[in-house]
Amino acid sequence: MEVSLQGNLWDSVVELTKGAQQKGSDPLLWVMQLSSNLNSMGVSLPSVELANVLVSHICWENNVPITWKFLEKALMLKIVPPMLVLALLSQKVIPSRRSQPVAYRLYMELLKRHIFTLKSQINGPNYQIIMKSIESILHLSWNFGLQASDPGILVVEFLFSIVWQLLDASLDDEGLLNCTLEKKSKWAIEPQEMEIDCHGSYYEKRSEYNEILQETNTVMAIEIIGKFLQNNLTSRILDLARRNLPVHWTSFIQRLQILGSNSLALRNSKTLTAEALINLTSDSRMVLPRDCKTTSLLKYHAVMVSRSLTSTGLCHGASRSALWLPLDLLLEDAMDGYQVDATSAVEVITGLIKTLRAINGTSWHDTFLGLWIAALRLVQRERYPIEGPVPRLDTRLCMLLSITTLVVADLIEEEEITPTNKNECGSINGWKEKEVPRQRRNDLVSSLQTLGDYQGLLTPPQCVVSAANQAAAKAMLFLSGVTVGSAYFDCVTGNMRHLIVESCIARNLLDTSAYSWPGYINGCINQLPHGMPTQGPDWSSYMLGATLTPAMANALVSSPASSLAELEKVFEVAVNGSNAEKISAATVLCGASLIRGWNIQEHTAHFIIRLLSPPVPANYSGDDSHLIGYAPMLNVLIVGIGSVDCVQIFSLHGLVPQLACSLMPICEVFGSCVPNVSWTLTTGEEISAHAVFSNAFTLLLKLWRFNHPPLEHGVGDVPTVASRLTPEYLLSVRNSYLVSSGSAHQDRNKRRLSAVASSSSPEPVFVDSFPKLKVWYRQHQACIASTLSGLVHGTPVHQIVDGLLNMMFTKINRGSQSLTSVNSPSSSSSGPGNEDSSLRPKLPAWDILEAVPFVVDAALTACAHGKLSPRELATGLKDLVDFLPASLATIVSYFSAEVTRGIWKLVFMNGTDWPSPAVNLSYVEEQIKKILAATGVHVPSLAAGGSSPATLPLPLAAFVSLTITYKIDRASERFLSLAGPTLECLAAGCPWPCMPIVASLWTQKAKRWSDFLVFSASRTVFLQNRDSMVQLLKSCFTATLGLNATPISSNGGVGALLGHGFGSHFCGVISPVAPGILYLRVYRSITDIVFMTEEIVTILMHSVREIACRVLPKERLEKLKTRGNAMRYEQVSLDAAMSRVKLAASLGASLVWLTGGLCLVQSLITETLPSWFISMHGSEQEQGSEGIVAMLGGYALAYFAVLGGAFAWGVDSSSSASKRRPKVLRIHMEFLASALDGKISLGCDSATWRAYVSGFVTLMVSCTPNWVLEVDVDVLRRLSNGLRQWGEEELALALLGIGGVGTMGAAAELIVENEM
């Protein structure tokens, strides 16, 4: 019955319309009567059904002018929905545009009148019903692949479809549709010939006129397309389609470009040109503009992401280089020889470079220049490094000339192998301009050309002057065409840029055209006189066929290879040569080619790792491991890469996991061998299985924090990076490279690491594969966790313990009781014996290591009870280490555990029983005070009374006494670098002045290490006193910001924070140490890292107040107000203040990230900052304009939080850490939204909160748009509503605009609502 009534209703509408049509009634009277009739029938207006009836009536039986006037009047009086009418007409009129050109013209006229006034339509009644009807008419879900019911999304799709239909119709009209990839349109635009009564048609005899009209219609359609892209409202809605419908948008743009390039109609347009049409769709044009109506706060948003900083630099002494301060800190932090990393420095630096570029908005030219300058500063900072068991200049040169070049190579490859049509990028971050092909490579060239202006950084350290000169000479030879053997050089001076360029050429980043850069070379070439002596053996003669004789090997060891081919030839000899040749080849690879072969360094390290895992020979049939046959070569390799610098080089290249995997089977095999076989090296040195094992085991232990408790400090559910450096973790990282080795989307660095892993062993490796190593590791963990137990009388272990004790203390006559009686009363002594080899047990190393903790415990206990003198204890321990050098590792872990337990008595370092530090203890303490005072850290008291005797806990005294028995030579350095960090850590953990005592004892032993030892001792001050750590942090901030007048702070910036390294080479005394250097060498020993984060936040806010007081003085503002210049001065001052605030926040974020890594950053964002906002704070009102300090504080925290998150997660989703980002963002953004909703009460200043939220959202939108996609849609909507309540419509729209499809509808409605 209802259907019948409805049918009668619409039939009556048709009859009414026909009657008015026949009478020629006034359209206004017709629409008034129709509206009255519909209202009386209870029909809601505007009516969807009425729109269908009217359009169906016109098309095509009543296609006469008066019916179009009726329709227009119905649209004007809003009794039919305009968008629905336009959708209906598009399906009827466009396909018939050739046979009905007038109708097509009228359709476009209606389109121009009603499509740009959408606000009343989305706010009107039946909005959702209307949009659903449009969806069913145009099949939007099917055409765009979105099953969306959100009317706002349908608005975007509707507008996109309308303009796309006009585009395809125009292409078809000009015969250009076949030029598209699809050759057809997805819309119903194909011309349809209709059966129309020509005699009754309004324009049946006007075919010539129709042709003219068709041409003008095409012009008009193209102009309407241009207006869609020009109009502020529709262009912004179309931008939402560009972001969220990337595939469709790409097709649309391709068609538009075809039209712009080939359209004849476009040339006839008087309002639009082809160039203008194409420009309207460029990424730089199709964005959400920022210059719309909003509050005055928005003008400060631009400061937060200001691009001008790259050209003008940061104000008040902090130069442009301050933009890259986090990079300087990261590079310097990587020079800490006490720490290796399982992650490649290439990967870490590449991620940081991308982050800083996104945050700072720099070009690739400036980015590359900043990277080179930071790496050069790293080298120049230690031109004259102090001596000690720490990385020297070689590690820094590796960072500059190998790692940095590999970073650049990865970044360039990323651009050049990625398809130019990156839809996902266009959909996510439309605020970034597209890169032109090879842009990064071109910017690399320009950055290196600009680098020539920084002569102060390019001066080579003395040790590489020769290499720099050779690089310059190579360029000169190339340009002159003179051969190497026929010329010599006069006054050819090279610098660090020549080495950088050679490194880039070697990796195909540059070509030899770089030699022709203006000012690149200087000097002159002279012909080589006759009779000059010929050059000795070198790489060129070796490549020409010379054999690898000892003389040749010695020459190649001291000179790095210049090409991969040279390395490959040496590697082939190491694989297939005689035993003597294998040893020579291994020696060559571990020589200068590894240390200073920067152009091929990664390949050298790769070959070494492959040689450490030799394959089983095809004809091998022995019962023992095939590795035993390679013992001499393996030992040469292990010893050759055992130095601190070599270990750091492997670490920087990300090869620590694979190196550990290669060393584990060597340790397992040789540690299980009875030392009854020896091998003689080419040098005449004889080595045993114990020697090979000890060298391999010692190197292996340097690759993780073996002497630290298994459960270290952590935050939340993620352990710190340091605590994850275990054998299991290293193997898991190595195995992960195998899993991803087949991925086609890997970057160059990961492909390189995957190749290294698979070349050694294509199968995953686990700790269970090495049962002996696993047993030792479990015992080691148990030793650290609890006191020793489990030594049972009569067991093999007990017998080994007795045997080792007798070997160690054979000269000591203790009657019939052995030293083990202290722990095992029932044990009996084997009696004293003669000091000969028969006392040395012929046992596998693993069996000996199992007994060592009990041996050391018995010896230490005997010393505590007076049964052993301190000298005898030290001598006995040294004998044990001489017998099996690997036992030092177990001794280290035992002493580490016992010192930490604090149950042993103190012993007097009086020079009688124990060595005395009295000779130079006061000097060491005085130097420590100078270092700390110069850095700005003031400690009330360094020593506990000048007359008090020096004391140390017994285990620490024994440990230091053992270490000072070592000689200071290359052979001992491998072992001292293992024991040294533990000794320092233990001394630092004991009451003051234990560390100065240890340093004093060691400076007596190694005077040339004096500066290093004093510096190490000064670092431990901060572990004794929490307040001094806070003072050090404050010193870092004040120095960086230039907030004090001390000489070390200078004008602030990187130079003030990190200074010029450490040394006493210029004035004969300890030089001041910059606060940043001290912090980077201390923070790894800090246990309460959450406390550090809280202090950094506090200091950051204090620094903001300091900046405001200095940059925005109230008195100067008042003076300028009287001159009418207040607004101009306030803006300049605010920009200067904001720049320094950004610098302070950048420093704070860097310190938090470096101190605690991912977990601490996540704790900062989810816990520390929310707690800070909720807590009550004192008045933020300081000198300056009202609320400026509070506002600056909010922006500082926003920059601090976003930058910290970007450091930890990256700005994209390429890193594994980014997988944790959505959870943390969800928590923090929910906090922001809840506070904006009024569900959370805040204790901070309202201006601080408003600035924080605005700044945080601004930085996310402009710098890290990928993050927004990971936030819940509902949270984004709530945040947007909160911002709109503050009058921040632009920011609210920007947030919704990049929030993905889920927020596209809300963004569209916001655009329409505010008519933006």
Side-chain angles (χ1 to χ4, degrees), residues 309 312-333 335 356 360 370 373-384 454 456-457 930-938 1015 1018-1019 1022 1028-1063 1066-1067 1070-1083 1096 1099-1100 1102-1107 1109-1111 1136-1152 1154 1196 1200 1203:
L309 293 178
T312 61
L314 296 173
C315 303
H316 296 270
S319 66
R320 179 173 64 178
S321 63
L323 290 172
W324 308 102
L325 181 141
L327 177 60
D328 283 272
L329 285 170
L330 176 68
L331 297 182
E332 185 61 51
D333 183 59
M335 298 299 104
L356 292 176
N360 295 328
I373 289 176
L376 283 166
R377 277 199 297 260
L378 179 74
V379 172
Q380 299 296 343
R381 205 172 289 130
E382 293 291 345
R383 288 178 58 85
Y384 308 99
Y454 295 81
L457 290 173
K930 288 182 180 179
I931 291 174
L932 299 182
T935 312
V937 175
H938 306 286
F1015 177 56
S1018 68
R1019 293 185 291 177
F1022 308 103
S1028 65
M1029 197 68 225
V1030 175
Q1031 292 175 20
L1032 178 60
L1033 281 173
K1034 291 179 180 177
S1035 181
C1036 289
F1037 276 85
T1038 54
T1040 304
L1041 300 172
L1043 295 178
N1044 56 15
T1046 61
I1048 195 172
S1049 71
S1050 183
N1051 291 321
V1054 176
L1057 177 65
L1058 298 177
H1060 303 284
F1062 179 87
F1066 305 106
C1067 53
I1070 292 290
S1071 302
V1073 179
I1077 296 291
L1078 269 174
Y1079 185 85
L1080 293 177
R1081 301 298 177 257
V1082 168
Y1083 77 83
I1096 288 173
I1099 296 170
L1100 172 61
H1102 176 76
S1103 299
V1104 170
R1105 288 192 289 274
E1106 286 287 316
I1107 291 169
C1109 290
R1110 296 190 180 212
V1111 181
M1138 186 67 80
S1139 296
R1140 299 179 76 183
V1141 165
K1142 285 184 61 177
L1143 179 58
S1146 175
L1147 173 61
S1150 302
L1151 295 181
V1152 170
L1154 291 173
F1200 174 57
L1203 198 55

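Just the heavy atoms: all of them, side chains too, but no hydrogens, waters or symmetry mates, feed the values below.
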Q: Decide whether R377 and Q380 meet the rule of one side-chain donor and one side-chain acceptor closer than 3.5 Å.
A: no

Q | Flag side-chain contact, heavy atom, 4.5 Å: L1057 against Y1079 | A | no

Q: State, with a plain yes or no, whether a side-chain heavy atom of V1082 is found less than 4.5 Å away from one of M1029.
A: yes

Q. Under the 6.0 Å and 45° cation-pi test, does R1019 pair with F1022?
A. no

Q | Nearest heavy-atom neighbours spanning A1056 and A1074 | A | O-CB, 3.9 Å

**Q.** Candidate pair F1037 and L1151, rule side-chain contact (heavy atoms from CB on, under 4.5 Å), full reasoning
**A.** CA-CA 11 Å; F1037 276 85; L1151 295 181; 4.2 Å; yes

Q.
Among residues at least two apart in sequence or on other chains, which ones pass side-chain hydrogen bond (donor to acceptor under 3.5 Å, both in side chains) with E1106?
A. none

Q.
Would you compute the distance between atom CG of L1078 and atom CG of L1033 and round it to the nearest 0.5 angstrom?
A. 11.5 Å

Q) Short question: side chain of N360, backbone of L356 - any donor-acceptor pair under 3.5 Å? A) yes

Q. Does any non-hydrogen side-chain atom of V1073 lie less than 4.5 Å from one of S1018?
A. no

Q: Could you walk me through whether L376 and Y454 pass side-chain contact (heavy atoms from CB on, under 4.5 Å), step by step?
A: CA-CA 10 Å; L376 283 166; Y454 295 81; 6.0 Å; no

**Q.** Heavy-atom check, side chain of R381 versus side chain of V1054, under 4.5 Å
**A.** yes

(Q) Using side-chain heavy atoms (C-beta onward) and a distance below 4.5 Å, is W324 in contact with I373? (A) no

(Q) Is it the case that the side chain of T1038 and the backbone of S1035 share a donor-acceptor pair, with hydrogens and angles ignored and the cut-off at 3.5 Å? (A) yes

Q. Can you tell if the side chain of K1142 reaches within under 4.5 Å of the side chain of L1203, non-hydrogen atoms only?
A. no

Q | From CA spacing to verdict: side-chain contact (heavy atoms from CB on, under 4.5 Å), L1143, L1147 | A | CA-CA 6 Å; L1143 179 58; L1147 173 61; 5.8 Å; no

Q: To the nearest 0.5 Å, tell me how far S1150 OG sits from I1096 CD1.
A: 9.5 Å

(Q) Would you compute the distance between atom CG of L1041 and atom SG of C1036 and round it to the nearest 0.5 angstrom? (A) 10.5 Å

Q: Any chance you could measure L327, atom CG, to E332, atom CD, to the nearest 0.5 Å?
A: 11.5 Å

Q. Quick one: are L457 and V379 in side-chain contact, heavy atoms under 4.5 Å?
A. no

Q.
If I compare all heavy atoms of A1196 with all of A1145, which pair ends up nearest, and what's the gap?
A. O-CB, 3.4 Å

Q: Give, for atom CG of L1058 and atom CG of L331, the distance between the pair rounded to the nearest 0.5 Å.
A: 10.0 Å

Q: Measure the spacing between SG of C1109 and CG of L1043 and express it to the nearest 0.5 Å.
A: 10.5 Å

